[in-house]
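Naming convention: chains lettered A, B, ... in sequence-line order (proteins, then strands); numbering from 1 in each chain. This is a predicted model, so every value here is computed, not measured.
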Amino acid sequence: MSIALSEQEIIRRESLQQLRALGINPYPAEEYKVTAFAQDITDNFATFPNTYKNVTIAGRIMTRRIMGSASFAEIQDSTGRMQIYLKRDDICPGEDKTLYNTVFKKLLDIGDYVGIKGYVFLTQTGEISVHVQELTILSKSLKPLPVVKRDEEGNIHDGFTDPEMRYRQRYVDLTVNPEFKQIFIKRSKVISAMRNYFNNQGWMEVETPILQPVHGGAAARPFGTHHNTLDMPLFLRIANELYLKRLIVAGFDGVYEFGKMFRNEGMDRTHNPEFTAMEIYVAYKDYIWMMAMVEECLEEVARAVHGIAAVQVGANEINFAGPYTRLTMYESILKYTGIDVSAMDEAGLRETCADLKIEVDATMGKGKLIDEIFSAKVEASLIQPTYITDYPIEMTPLAKKHRTKDGLVERFELFVNGKEIANAYSELNDPIDQRERLEEQLILAGRGDDEAMAMDDDFLRALEYGMPPTSGLGIGIDRLVMLLTNQSTIQEVLFFPQMRPEKKAKVVTADDFINIGVPAEWVPVLNKMGFNTVEELKAGNPNKVFNDLGGMRKKLKLEITMPAKEVVMAWFE
RNA sequence: GACUUGGUAGCUCAGCUGGUAGAGCAACUGACUCUUAAUCAGUGGGUCGAGGGUUCGAACCCCUCCCAGGUCACCA
């Protein structure tokens with residue numbers, strides 16, 4: 001329960017009571033049949049004025065401009081805002097002007113949901129508006145919304161901008177900053193466009209376990225939990241790769257899954273503990289085929305979101321139409337540093353890192369050293385979509401060895417705007433090779449590499465039955481959406497980014513006060529007066545507390561019975 | 001995790017060298033029948049993130065902690 005309501009909240013609760021006293025239900029149960037939307041009226045009234053002679057719209061009151069017996073207000077529905085015009089004698093044709101004078105002017109507030117029936121017209125200043133003939137209260141709002149003002153140029157004046165509040169109270173954010181809804185609408189389009197593309201190819205959407213006994217398929221620290229009935233530890237998945245491959249073993253030609261992954265690691269503007277990944281596996285294909293598929297798919301996604309294949313991201317215009325540049329990892333390092341690392345051994349790589357002032361540590365093997373050079377010197381330069389191919393075998397235990405190049409695997413990552421967006425392999429389907437590669441990971445783990453991958457015996461058993469040659473792809477959906485919506489933080493593309501819990505107002509339970517004889521309805525008043533614990537109250541002056549209670553009652557216009565003086569005195573014994 | 005910036009009214013923010021907590025919007029009272037960042041007159045509203053310390057006196061100085069942003073580190 002809320003303690004210590006603000007002045008405005010108390011006033012709204014009083015308005016609620018007054019509405020009930022007038023016989024108006026502030027939270028009616030009946031369906032309200034909406035026949036029109038703000039956006040549609042705005043777009044089409046000029047062309048088809050006759051179709052808007054009797055409309056019903058519903059939404060929140062967002063602004064009010066009251067001028068005596070006539071008023072303008074703006075209603076916000078899911079599509080936008082619509083100005084409404086209320087005239088006292090139109091909504092109150094008889095003698096009783098309560099609906100206008102009391103209900104609309106006094107008891108309704110910004111944030112309340114109302115429904116209106118009326119006709120669309122053009123004001124003298126030329127704004128499309130609805131002339132209200134009937135007003136219905138649909139839901140009363142008890143907390144004041146921040147009022148964001150916009151002028152004619154669209155400048156925002158009193159913005160609701162604090163990121164902490166925007167993320168914690170996304171419902172307020174999207175109400176008063178509706179332009180942010182576009183990000184989430186585009187996010188939805190990204191996913192549905194990709195899903196449509198896959199379905200059109202005949203591939204099947206599947207669901208695989210989120211609770212896993214072994215957290216395989218990637219290298220990351222997991223979240224752990226416990227199943228009571230089975231009395232066993234379980235992990236939230238860090239990846240679903242090994243399960244999707246089991247389905248390829250099972251005989252499906254193409255399977256894909258959009259799903260949340262969970263990694264118990266740091267949080268920053270590109271990492272949230274839970275994030276959405278799309279993984280797809282297609283039998284009888286290889287990573288070269290996959291590059292062409294990704295080009296076609298992403299172009300379609302970009303067109304679905306923007307209508308064209310080019311997307312403005314920060315200062316760069318990024319073109320998702322293929323084909324994309326392809327560089328091997330060694331070529332890319334040569335291109336951006338002038339150094340050929342392709343023939344270097346571990347000692348040579350360490351020396352190169354030292355020359356380039358890249359920090360390394362003793363646990364890093366050859367593959368990891370090359371990755372460090374790449375991350376430090378190449379990644380940020382890859383603005384237009386670029387495939388980096390043919391990675392060192394050491395860092396990629398689930399990819400097939402390269403068909404011609406020793407020491408490399410058939411893998412590509414897609415980089416866009418300096419960041420990795422997708423990762424794909426010709427999947428390793430040789431069960432003996434796979435077992436050896438996972439055993440090497442165990443050795444790395446023993447050396448202190450906590451990113452090393454875990455052994456999964458059931459997955460190896462599945463491979464031993466036989467998996468067809470397969471290409472697999474993973475795409476980080478959140479980061480793709482960030483790109484396609486020109487956002488630089490992951491929080492902006494997640495409805496509810498992870499946050500630390502809000503500090504609870506040190507609310508001592510009301511019971512403590514009730515136990516010493518304070519009536520329940522007076523506990524919030526004592527809190528409001530600054531007494532948050534019984535001890536604090538007892539340290540106070542009983543006579544002053546009694547007098548102040550009366551003062552608060554008057555000040556807050558509380559309609560609760562004043563406790564007798566001897567009752568108050570008893571609190572202090 | 002390190003460094004850094006911030007946390008003051010419902011919202012956005014001022015607040016000087018430590019000396020009675022301010023503005024705009026929102027709210028309340030009143031005026032106003034085409035306004036649109038409506039206007040005009042008036043009024044109320046604060047645990048200055050929390051706790052300790054220094055001081056005659058702390059929003060301000062010191063310490064500890066909490067929350068958020070940024071940068072870096074870590075992390076495919």
Side-chain angles (χ1 to χ4, degrees), chain A residues 3-12 14-15 62-74 81 83-90 100 105-106 109-111 121-127 129 131 142-168 172 176 218-221 238-239 261 263-271 273 277 359 368 371 374-375 379 391 395-396 411 413 415 419-423 450-451 474 476 479 488-489 491 497 499-506 527-532 536 555-557:
Chain A
I3 293 265
L5 296 173
S6 72
E7 181 191 34
Q8 294 192 44
E9 289 173 294
I10 291 165
I11 289 166
R12 285 179 179 226
E14 283 169 5
S15 298
M62 297 306 285
T63 66
R64 290 198 302 171
R65 295 178 284 278
I66 295 171
M67 302 156 300
S69 61
S71 299
F72 287 93
E74 280 174 282
R81 289 191 183 189
Q83 178 169 270
I84 63 172
Y85 177 65
L86 294 99
K87 222 163 136 177
R88 184 188 62 203
D89 297 336
D90 282 0
Y100 182 82
K105 281 171 72 172
K106 306 274 190 215
D109 292 291
I110 287 172
F121 75 110
L122 221 49
T123 64
Q124 286 177 10
T125 50
E127 174 146 347
S129 305
H131 189 122
L142 296 182
K143 284 180 97 68
L145 284 174
V147 175
V148 177
K149 299 253 178 184
R150 291 172 177 77
D151 64 20
E152 278 178 19
E153 287 85 44
N155 300 315
I156 291 173
H157 290 273
D158 290 296
F160 179 69
T161 52
D162 178 7
E164 178 171 3
M165 295 223 284
R166 286 188 47 233
Y167 302 151
R168 285 194 197 283
V172 173
V176 304
R221 293 220 311 272
I238 56 174
M261 305 298 154
R263 297 189 182 178
N264 206 341
E265 293 172 344
M267 290 166 56
D268 59 30
R269 67 181 198 289
T270 55
H271 294 83
E359 279 185 40
K368 186 79 182 158
D371 187 48
F374 176 81
S375 303
E379 212 173 304
Y391 284 61
M395 42 191 297
T396 318
R411 171 186 186 181
E413 290 188 313
F415 288 84
K419 302 200 175 62
E420 181 211 331
I421 292 297
N423 182 21
D450 55 8
E451 295 171 31
R479 293 183 187 176
S488 57
T489 71
Q491 287 107 314
M499 303 284 278
R500 283 203 161 80
E502 279 181 88
K503 203 180 356 166
K504 274 201 198 117
K506 230 193 316 181
N527 294 145
K528 182 93 182 165
M529 284 160 63
F531 297 116
N532 285 313
E536 284 171 16
K555 184 171 160 191
L556 301 176
K557 299 178 187 156

In whole angstrom, give the distance that lies between atom [atom1] of [X] and atom [atom2] of [N].
X	N	atom1	atom2	result
Ile11(A)	A9(B)	CD1	C1'	13 Å
Asp158(A)	A14(B)	CG	P	13 Å
Lys143(A)	A27(B)	NZ	P	16 Å
Met67(A)	C32(B)	CE	P	12 Å
Ile66(A)	C28(B)	CD1	P	9 Å
Asp268(A)	A68(B)	CG	P	14 Å
Glu9(A)	G46(B)	CD	P	13 Å
Asp90(A)	U33(B)	CG	P	14 Å

Pairwise [atom1] distance, [M] and [N] [rounded to whole Å]:
N	M	atom1	value
A50(B)	A59(B)	C1'	14 Å
U17(B)	U35(B)	C1'	48 Å
U54(B)	C63(B)	C1'	11 Å
G15(B)	G51(B)	C1'	24 Å
U47(B)	G22(B)	P	15 Å
A26(B)	C3(B)	C1'	38 Å
C65(B)	U43(B)	C1'	40 Å
C48(B)	A9(B)	C1'	10 Å

What does [X] touch in the nucleic acid at a heavy-atom separation under 4.0 angstrom: a base, only the sugar-phosphate, or nothing?
X	value
Tyr391(A)	nothing
Thr396(A)	nothing
Arg12(A)	nothing
Gln491(A)	sugar-phosphate
Lys105(A)	nothing
Arg500(A)	sugar-phosphate
Arg411(A)	base

Please check the phosphate of [N] (OP1 and OP2 only) for any side-chain N or O of [X] closer than 4.0 Å.
X	N	result
Lys419(A)	C75(B)	no
Arg269(A)	U71(B)	yes
Gln124(A)	U33(B)	no
Arg65(A)	U35(B)	no

Suppose we call a contact any N or O donor and acceptor under 3.5 Å apart; does that hold for the side chain of [X] and the base of [N]?
X	N	value
Asp162(A)	C11(B)	no
Gln8(A)	A26(B)	yes
Gln83(A)	U35(B)	yes
Thr123(A)	U35(B)	yes

Nearest to the side chain of [X], which nucleotide is it out of [options]?
X	options	value
Ala70(A)	A26(B), U33(B), U12(B)	U33(B)
Lys149(A)	C25(B), C67(B), A27(B)	C25(B)
Lys106(A)	G69(B), U29(B), A27(B)	U29(B)
Pro144(A)	C67(B), G10(B), U35(B)	G10(B)
Tyr85(A)	U33(B), C25(B), A27(B)	U33(B)
Pro146(A)	G69(B), G24(B), C11(B)	C11(B)
Phe72(A)	G69(B), U35(B), A26(B)	U35(B)
Glu7(A)	G45(B), C75(B), A68(B)	G45(B)
Met165(A)	A68(B), C32(B), U12(B)	U12(B)
Thr161(A)	C13(B), C28(B), C25(B)	C13(B)

Is a side-chain donor or acceptor of [X] paired with a backbone partner of [Y] at a separation under 3.5 angstrom?
X	Y	result
Arg64(A)	Ser71(A)	no
Tyr100(A)	Ala70(A)	yes
Arg263(A)	Ile238(A)	yes

Given RNA chain B, 5'-ward residue of the pair Glu420(A) and Ser129(A), judged by closest heavy atom: Ser129(A)
Along RNA chain B (nearest heavy atom to each residue), the more 5'-positioned of Ile110(A) and Val148(A): Val148(A)
Spacing of CD belonging to Gln491(A) relative to OH belonging to Tyr167(A), to within rounding of 0.5 Å: 4.5 Å
Residue pair Glu127(A) / Ser129(A): nearest heavy atoms and the distance that separates them: O-OG, 3.1 Å
Arg150(A) CZ: over 12 foreign heavy atoms closer than 6.0 Å: yes
All stems with RNA chain B, defined as three or more consecutive Watson-Crick or G-U pairs under 3.5 Å: B:1-7 with B:66-72, B:10-13 with B:22-25, B:27-31 with B:39-43, B:49-53 with B:61-65
side-chain contact (heavy atoms from CB on, under 4.5 Å) between Lys143(A) and Val172(A), intermediate numbers included: CA-CA 10 Å; Lys143(A) 284 180 97 68; Val172(A) 173; over 6 Å; no
